[in-house]
Structures are given as structure tokens and as C-alpha cells.
Amino acid sequence: MIIKKSPAEIEAMKEAGRISAKVLREVGKRVQPGVSTLELDEFAETLIRLEGGVPAFKGYGGFPGSICASVNEQIVHGIPSAAVVLKEGDIISIDTGAVVDGWVGDNAWTYAVGSISPEKQHLLETTEKCMWAGLDAARPGNRLGDIGAAVQEIAEAEGYGVVREYVGHGIGRNMHEDPNVPNYGHRHTGIKLEPGMVLAIEPMINLGTYKTRQMPDGWLVCTRDGKPSAHFEKTVAITEDGPLVLTTEEGHRRPV
């Protein structure tokens, strides 16, 4: 069941979004060679709590971290660890979430560690472009397939693989709500998008095949062929006036 939010509830979600966005930005500043993903996690948890939130991921389904930290061929759900130390040329997806007054904010960004290859840089730029295209499609009167198609068309034009098994989702008082939001699909298909829906749109785009493999810890997901993957995500409310990005330190509509 899709739980639509009132304008007042969407306004209330902005604080969780603000904290999630601030933490993601500040963690990103600390991404550099020699830093462990556990250090990034500890910083994120401290900042979330200082800002008045509670880490959304910690303890969720038994997940031990406050962020997901996924390096290179790791797509999503990487568990922070002192043993994972970033090195020059890596890319890392950082996924952060905060809960404020029962509302959840969720967002992710993939960062370069020092200087990266042109191949990885293009993957990051394209995946971010996919995310903004998906967000722009989150408008009243469009359909769910319009979001996935917008992402898929850009990614596959570059020869990239679009992950199938893991998708975006509705979000509100629960981290994962209906509907699922695939990053692939056909335009003008699926449920009709209506004001009050709040979605986490999160393209996961691979340099090679779209196929994935689940790692033995039950959390980490990697590309089947070992090639790099990028992941970008924002929480967006569908309003009468168009998409309203909630995981921002301002709470704004981005011109597209």
C-alpha cells in the first residue's frame, strides 16, 4: 500500500532530509586515501546525533553500521570496517540516512578517492545524470515506468549495466515503503504518480554487466564481473508543483 503524505508531513520530512544531506556532504569531504570506512562511519554517527537525528541504518535488519560504504565493484550495503582502507583511484558509494521525529531521510553519493581514471569519472558523471533524470520524472501525471525509463535510457546509451535486483523505494515513517522504484522500465507504464508520494530514487549503474552477486555476509552486493559500480540517491516528494528534493540542506526544487 502506498502511503501518501500531506503537505505538512512533507514539510516535517525536510529535517530528516537536511540531516541526511549534511552528513553525506561532510562524510564526502573526509573521503581520501588512507581513511578507513569505519572512520567514516563513526564520524557520520556522531554528526547525525549532534544534529538531533538517529542513524536510520544502524540496527536496521541487523545492519551494524550508520552508513553503507561500498568501494569500487561493491554496489550497495557495504559494512564499514577498519580493514577497508581507501586508496588512490578508488570510488566509494556512501549511503546515509537519519530519522527525526519518526520520519526518515535517505540519500547516497559516489565519491572519487583522490584522482580516478577517466573511465570511473565518466561512470560517476553518468550515474549522477541518471539520478537527476529520474527525479525530474517524478511528477504528477507521469507513471512509475517513466522514472525507470529515464534512468535506463541514459545509462544504456553509454553501454552501462542497470542493476535489476536492487531498486529505489517509497519512504516515510519507514525506510522502505511501497512502491518499489526500478531504475529500468518503459515510459507510460506502471502506477500513476500522484502528489503526496515520497520516493527514494537511487540509480545503481555498473561499468559492465548489470548482474550482481550477494556476498557471504548477507549484506554486501558486488558486480558479477568485478567492474566498478556507482550509486546516487535522493529522497523526493511529488508535489503539485513538481519534484521537491527533501535530502538537501535547503529543501529545494532543482532546475532541470
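Values reported hereafter were calculated over all heavy atoms of this structure, with side chains retained and with hydrogens, waters and symmetry mates removed.
- Ion pairing of Asp146 with Arg143 is absent here, as no side-chain N (NZ or NE/NH1/NH2) approaches a carboxylate O to less than 4.0 Å.
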>> What verdict does the side chain to side chain contact (heavy atoms under 4.5 Å, CB included) test give for Leu193 and Arg139, after you've listed the backbone C-alpha separation in whole Å, the side-chain angles of each residue and the deciding distance to 0.1 Å?
In response: CA-CA 6 Å; Leu193 303 180; Arg139 298 176 178 274; over 6 Å; no

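- Remark: side-chain polar atoms of Glu42 are not paired, donor with acceptor, to backbone N or O of Glu39 under 3.5 angstrom.
- Taking CG of Leu124 as the reference point, atom NE2 of His231 lies at 12.0 Å (rounded to 0.5 Å).
- Through chains of ILVMFWY side-chain contacts below 4.5 Å, Val163 is grouped with Ile75, Val76, Tyr166, Met204, Val221.
- Using a 4.5 Å heavy-atom threshold, the side chains of Lys234 and Trp109 count as touching.
- Nearest heavy atoms, Ile201 versus Ala138: CD1-CB, 4.2 Å.
- When the side chains of ILVMFWY residues are joined at heavy-atom separations under 4.5 Å, either directly or via intervening members, Val181 and Tyr210 end up in two distinct hydrophobic clusters.
- Scanning all heavy atoms of the two residues, the minimum distance from Ala16 to Gly105 falls at CB-N, 3.6 Å.
- Lys120 and Asn72 form a side-chain donor-acceptor contact under 3.5 Å, judged by distance and modelled atom types alone.
- Put simply, the side chain of Asn183 never gets that close to the backbone of Arg164: no donor and acceptor are under 3.5 Å apart.
- Proximity of Glu233 to Asp106: side-chain heavy atoms (C-beta onward) are separated by under 4.5 Å at one or more points.
- The shortest distance between side-chain heavy atoms of Glu202 and Met131 does not fall below 4.5 Å.
- Here Tyr184 pairs with nothing under the ring pair (Phe, Tyr, Trp, His ring centres under 6.0 Å) rule; sequence neighbours left out.
- We find that Arg187 and Glu153 are joined by a salt bridge, their nearest charged nitrogen and carboxylate oxygen being less than 4.0 Å apart.
- Between the SG atom in Cys130 and the CD1 atom in Ile147 there is a gap of 13.5 Å [rounded to 0.5 Å].
- In this structure a side-chain-to-backbone donor-acceptor pair under 3.5 Å is missing from Gln121 to Pro118.
- The same ILVMFWY cluster, assembled from side-chain heavy atoms under 4.5 Å apart, contains both Val31 and Val35.
- Residues Lys5 and Ile3 meet the side-chain proximity criterion, which asks for heavy atoms closer than 4.5 Å.
- Checked by atom type and distance alone, the side chain of Gln214 pairs as donor or acceptor with a backbone atom of Gly218 at under 3.5 Å.
- Note that the CZ atom of Arg25 and the CD1 atom of Ile94 stand 15.0 Å from one another [nearest 0.5 Å].
- At distances below 3.5 Å, at least one donor-acceptor pair connects side-chain atoms of Thr247 with backbone N or O atoms of Thr235.
- Hydrophobic clustering (ILVMFWY, side-chain heavy atoms < 4.5 Å, transitive): Met215 and Ile92 are in distinct clusters.
- Using a 4.0 Å cut-off between a side-chain N of Lys or Arg and a carboxylate O of Asp or Glu, Glu73 and Lys227 do not qualify as a salt bridge.
- Counting all heavy atoms, side chain and backbone alike, Val162 lies closest to Ala155 at CG2-CB, 3.7 Å.
- Using a 4.5 Å heavy-atom threshold, the side chains of Ile10 and Leu246 count as touching.
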> So Arg173 and Trp103, side chain to side chain contact (heavy atoms under 4.5 Å, CB included) or not? Walk me through it.
Replying inline: CA-CA 5 Å; Arg173 291 200 175 276; Trp103 297 106; 3.3 Å; yes

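- For the atom pair Lys129 NZ and Ile205 CD1, the distance stands at 12.5 Å (nearest 0.5 Å).
- Gln74 places a side-chain N or O within donor-acceptor distance of the main-chain N or O of Val71, the cut-off being under 3.5 Å.
- Atom OG of residue Ser20 and atom CD1 of residue Ile48 lie 7.0 Å apart, to the nearest 0.5 angstrom.
- In the hydrophobic clustering of ILVMFWY residues, with side-chain heavy atoms under 4.5 Å counting as a link, Ile67 and Phe43 come out together.
- Counting all heavy atoms, side chain and backbone alike, Pro182 lies closest to Val167 at CA-CG1, 3.6 Å.
- Counted by atom type alone, His122 and Glu158 present one or more donor-acceptor pairs between their side chains at under 3.5 Å.
- By the 6.0 Å contact criterion, CG on Asp101 is open, its count of non-hydrogen atoms from other residues, nucleotides or ligands being 12 or less.
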> Does the side chain to side chain contact (heavy atoms under 4.5 Å, CB included) test come out yes or no for Arg18 and Glu51, once each step is laid out?
Replying inline: CA-CA 10 Å; Arg18 181 193 69 80; Glu51 289 287 326; 2.9 Å; yes

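- By the 4.5 Å heavy-atom criterion applied to side chains, Pro203 and Glu128 are not counted as neighbours.
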> Checking side chain to side chain contact (heavy atoms under 4.5 Å, CB included) for the pair Leu207/Glu119: CA distance, chi angles, key distance, verdict?
Replying inline: CA-CA 8 Å; Leu207 191 62; Glu119 183 178 58; 3.4 Å; yes

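- Side-chain rings of His77 and Phe57 stay apart, their centers remaining 6.0 Å or farther from each other.
- At least one donor-acceptor pair closer than 3.5 Å links the side chain of Thr189 to the backbone N or O of His186.
- Proximity of a side-chain donor or acceptor of Asp41 to a complementary backbone N or O of Gly65 within less than 3.5 Å is not detected.
- A continuous path of ILVMFWY side-chain contacts below 4.5 Å connects Ile116 to Leu86, so both sit in one hydrophobic cluster.
- Counted by atom type alone, Ser229 and Asn206 present one or more donor-acceptor pairs between their side chains at under 3.5 Å.
- Looking only at side-chain heavy atoms (C-beta outward), Ile91 and Pro228 come within less than 4.5 Å of each other.
- Side-chain atoms of Thr96 and Asn107 include a donor-acceptor pair closer than 3.5 Å.
- Across all non-hydrogen atoms, the minimal contact from Gly134 to Val151 is CA-CG2, 4.1 Å.
- Checking side-chain atoms of Ser70 against main-chain N and O of Gly78 turns up a donor-acceptor pair under 3.5 Å.
- Evaluation of the ring-ring contact (aromatic ring centres under 6.0 Å, His included) test over residues 137-161, restricted to residues two or more places apart or in two chains, returns none.
- Taking 4.5 Å as the limit, every side-chain heavy atom of Thr239 sits out of range of all side-chain heavy atoms of Pro195.
- Here the CG-NE2 distance, from Leu199 to His169, works out to 9.5 Å after rounding to the nearest 0.5 Å.
- Taking each heavy atom of Pro55 and Glu45 in turn, the nearest pair found is CG-CG, 3.8 Å.
- At a threshold of 4.0 Å, the pair Arg30-Glu26 counts as salt-bridged, since one of the basic side-chain nitrogens sits closer than that to a carboxylate oxygen.
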